[in-house]
Structures are given as C-alpha cells and as structure tokens.
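So that the names make sense, note that chain A is the first sequence line, chain B the second, and so on, each numbered from 1.
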Protein chains: 2
Amino acid sequence: MDGLAQLSFLVQNSLARHATEHSLSLVQTRLLGILRDREPTMNELARLLELDKSSVTGLIDRAERRGLVERIASLADRRAVLVRLTDEGRSLVAQVSTLFELDVSRMLECLPVSDRDALSRLVSRALVAHAANRGVDLFATIDSARTAGSVR
Amino acid sequence: MDGLAQLSFLVQNSLARHATEHSLSLVQTRLLGILRDREPTMNELARLLELDKSSVTGLIDRAERRGLVERIASLADRRAVLVRLTDEGRSLVAQVSTLFELDVSRMLECLPVSDRDALSRLVSRALVAHAANRGVDLFATIDSARTAGSVR
DNA sequence: TATTGTTATACTCTATAACTATA
DNA sequence: TATAGTTATAGAGTATAACAATA
C-alpha cells in the first residue's frame, strides 16, 4: 500500500543520486542502460524510452557532445541512424550501475535471508500477476521498467 | 533484487501517467501532495522538495498562474510567503491521488490476501531496518519519500 | 505515400548568481 | 550581517509541427 510508494521513492532516489554524482540525469542513465546490450535506431530508442523522436534527437545530441554515445549510419536503411555506447559511456554506466546495485543490496541486507527470499518471491509474483492481468498494455510498461531498470 | 527496481518503475509510471492525464508534472503532483496537509513557506517547500529556492519560485509561479495554489503573506515574518492549495488544486490532487491508489491496490489484488499481508510486513520491515541502519542521512530520504508518496 | 530523422519553436524544470526587503 | 524570496540567465528535457531524405 503506502509502503510500496515509499519503497519506490527510495529506489528511485538511490538511482537519481548516483546519476547526479556522475553528472547524469535519470533519462541519460536510462539511455546508457539500454545501450549496454543493444545498438538501436533513434526510432527504437523513442519507443523504449517512451519519448517523441524529436526528444530523442536532443537527448542523443547532448550525450554525443559529451562523448558518451555515437551515431552510426545504418547499412540496412539509409534513412536510419544507429546509436552506440562509446567506451567512456560504457565505463560511466558501469560505475553508476554498480553503486546503485550496492544500494539495493544494502537495503535488502537489513532483512534476514529468509525474509529476503520471501520478499523476492512475492515481488515477482506481484509483477507477473499484474502483467497477466493487464495484458498487452502492461507489457509495454513492464518492458520499459525492465529496460529502465536494467541500468539496473 | 532486480524485481524491486522493476516494481519501483511500475509505481512511478502509474503516478506519472495519472499526473500527465491531468496536465501535471511529477513535481507539481508532489507539490500539491505536500500542500494537502500543510501551508509551508517557500523555504520549507524548497527543503521538502529538495530544490533550490529559485526553482520553487518558478514552480509556484506556474502553479499559481493555473489557479492551483496561492501565495499568502506571512504575519509572523514579513519576509516570508506561505503557500496554500486552492479549492481547484485540492480537487485536482484528490483525483490523481485516487487513481494512483486504485492502481496500486489493483496491483496488490493480484496477490492472495495472505501474500499481500506478508509483502506489506516485509516492506515496512525493510524500510524500518534501512532507516535505522543509515541514521540521519536516511531520515531525510525517507521523509522526502513519505511526503512525495503522500500524494500518496 | 509512408517512414526516419532533424529543425524550429515553446514550455517546464532546474541551478547559480545577483538583487531587494526584512530580521 | 544573515535570511526569505525574486529576478536574470543558462541549460536539460519534453512535445508539436514542418521539413528533408529515403523507402
């Protein structure tokens, strides 16, 4: 109930804090997280981030200016542009991701192992049940949560 | 573990979605949520929202222009300005809050009652343990989570 | 014609620095 | 002198609409 909201703010705060410490916004961090295992087109990025394509243009402009990502012409479709993480971008997202995971781990370590397992089981059950309940609609949300959370 | 991150994004997405449907940003929604049971000064708002005071000036400017809040001269300190929710603002935050609570409830209804109770118990235990573990530092975060979450 | 991406424009949100008025 | 708040300015993030190039 209310605890879930509190918990979600704790998790988000942790992510936001570590992002800010590395001069990243939440969106930039989500972007880099997505790019860790993909080289999507601008269009795909817009869908993954649930943003307008023009917003993604600006987002990539700024990230490219900082040397975190690079644009690559697609060979398959000459209209399309692929986005790739640079070494610097990869290193940066790895740092933020490590700190964030550490935070979540520390939060969970407050619980005895048995509770931790139970919590993990209940959370996945809630996620699965929720997804099943809402069908397609929710799959989009879950996917965006996963990719966003894959920061992680 | 990773599920917690996913869950937090689900909760945040729900809040963001209902806020957007009512032409509110997340920050505006947090603002209105805070004002439901308080009439803070600009300075106190800056602390509660963890923003610079100049950011709060702009935030209140825009909310006031929309008729959601009003500035009131403080009688105690002639430098200070109190911020109060208007009837329209109160009605708006009530709508968003209701829809959000409904979402969270629906998500929890996917679980059998016994699991729901267990989850609730574990989440509060994690929050309490976490707070105790980090001391003052975390109290600030928890408080901001609570006030933000009191949207709720 | 439809799709991919960029540009132009406008608004919100945020911070820093300089300022005014009051304490 | 210190504090409360505003203003000026700059930059990120977002969307809509118009556009170019390609499919």
Side-chain angles (χ1 to χ4, degrees), chain A residues 12-13 15-17 19-34 39-84 92 144 148, chain B residues 12-13 15-17 19-34 39-84 92 144 148:
Chain A
Q12 299 280 319
N13 277 354
L15 189 51
R17 181 159 25 87
T20 301
E21 280 165 5
H22 290 77
S23 303
L24 288 174
S25 70
L26 264 183
V27 177
Q28 295 278 3
T29 309
R30 288 185 64 194
L31 168 67
L32 299 188
I34 286 174
E39 288 186 10
T41 64
M42 297 293 283
N43 219 14
E44 288 164 349
L45 271 179
R47 188 176 44 77
L48 289 167
L49 292 166
E50 295 182 282
L51 293 176
D52 188 86
K53 55 188 182 172
S54 66
S55 304
V56 176
T57 295
L59 198 65
I60 299 302
D61 281 351
R62 292 183 292 273
E64 196 172 28
R65 214 179 302 139
R66 279 184 61 183
L68 304 177
V69 305
E70 52 191 354
R71 281 177 164 96
I72 299 166
S74 164
L75 299 178
D77 182 340
R78 278 162 51 202
R79 294 170 303 181
V81 172
L82 305 179
V83 182
R84 176 156 62 193
L92 192 57
S144 92
Chain B
Q12 299 280 321
N13 278 353
L15 190 51
R17 181 159 24 88
T20 302
E21 281 164 4
H22 290 78
S23 303
L24 288 174
S25 69
L26 263 182
V27 177
Q28 295 279 1
T29 309
R30 287 185 63 194
L31 167 68
L32 299 188
I34 286 173
E39 287 185 11
T41 64
M42 297 294 282
N43 218 17
E44 287 165 349
L45 272 179
R47 188 174 45 75
L48 289 167
L49 292 167
E50 295 182 282
L51 294 176
D52 188 85
K53 54 187 181 172
S54 66
S55 304
V56 176
T57 294
L59 199 64
I60 299 303
D61 282 350
R62 292 183 293 272
E64 198 172 27
R65 214 179 303 140
R66 279 184 61 184
L68 303 177
V69 306
E70 52 192 353
R71 281 175 163 96
I72 300 166
S74 163
L75 299 176
D77 182 340
R78 278 163 49 203
R79 294 170 304 178
V81 172
L82 305 180
V83 182
R84 176 157 61 192
L92 191 57
S144 91

Practice task
Describe the nucleic acid contact of A/T41 in one word from base, sugar-phosphate, nothing, applying a heavy-atom distance below 4.0 Å.
Solution key: sugar-phosphate
Handout entry: C/dA15 phosphate, OP1 or OP2, under 4.0 Å from B/S55 side-chain N/O
Key = yes
Exercise for the section: Output yes when at least one side-chain N/O atom of A/R71 is less than 4.0 Å from OP1 or OP2 of C/dG5, else no. Expected result: no
Completion exercise
Rounded to whole Å, CG of A/D61 lies from P of D/dG11 at a distance of 15 Å
Fill in the blank from the handout: Between A/R62 and B/T57, the residue closer to the 5' end of DNA chain D by nearest nucleotide is B/T57
Problem - A/M42 CE - C/dT7 C1' separation (whole Å) - result: 12 Å
Problem - Non-hydrogen atoms of A/R71 and A/T57 that approach each other most closely - result: NH2-O, 3.5 Å
Practice task
Take the protein atom CG of B/L49 and the nucleotide atom C1' of C/dC13, then report the distance between them rounded to whole Å.
Solution key: 12 Å
Exercise for the section: Measure the shortest side-chain to side-chain distance between A/V81 and A/I60 over non-hydrogen atoms and say whether it is less than 4.5 angstrom. Expected result: no
Completion exercise
Taking for A/D52 and for A/L24 the nucleotide of DNA chain D with the nearest heavy atom, the one nearer the 5' end belongs to A/L24
Handout entry: Estimated bend of the helix from C/dT1-D/dA23 to C/dA23-D/dT1 (axis per five terminal pairs, rounded to 10 degrees)
Key = 10°
Exercise for the section: Could you check how far CG of B/L51 sits from C1' of D/dT6, rounded to whole Å? Expected result: 16 Å
Problem - A/R78 side-chain proximity, nearest of D/dT22, D/dG5, C/dC13 - result: D/dT22
Exercise for the section: Find the distance A/I60:CD1 to D/dG13:P and express it as a whole number of Å. Expected result: 11 Å
Practice task
Round to the nearest Å and state the distance from B/L26 atom CG to D/dA12 atom P.
Solution key: 21 Å
Completion exercise
Of the candidates C/dA8, C/dT14, D/dG13, the side chain of A/S54 sits closest to C/dA8
Exercise for the section: Answer whether the closest heavy-atom distance between the side chains of B/Q28 and B/L31 falls below 4.5 Å. Expected result: yes
Exercise for the section: Write down the distance between CG (A/L68) and P (D/dA12), rounded to a whole number of angstrom. Expected result: 12 Å
Exercise for the section: Take the protein atom NZ of B/K53 and the nucleotide atom P of C/dT20, then report the distance between them rounded to whole Å. Expected result: 14 Å
Exercise for the section: Would you mind reporting whether B/L68 and B/L24 have side-chain heavy atoms less than 4.5 Å apart? Expected result: yes
Problem - Side chain A/R79 and base C/dT3 donor-acceptor under 3.5 Å - result: yes
Problem - Under 3.5 Å donor-acceptor pair, A/S74 side-chain atoms to C/dT4 base atoms - result: no
Handout entry: Side chain to side chain, B/P40 and B/R47, heavy atoms closer than 4.5 Å
Key = no
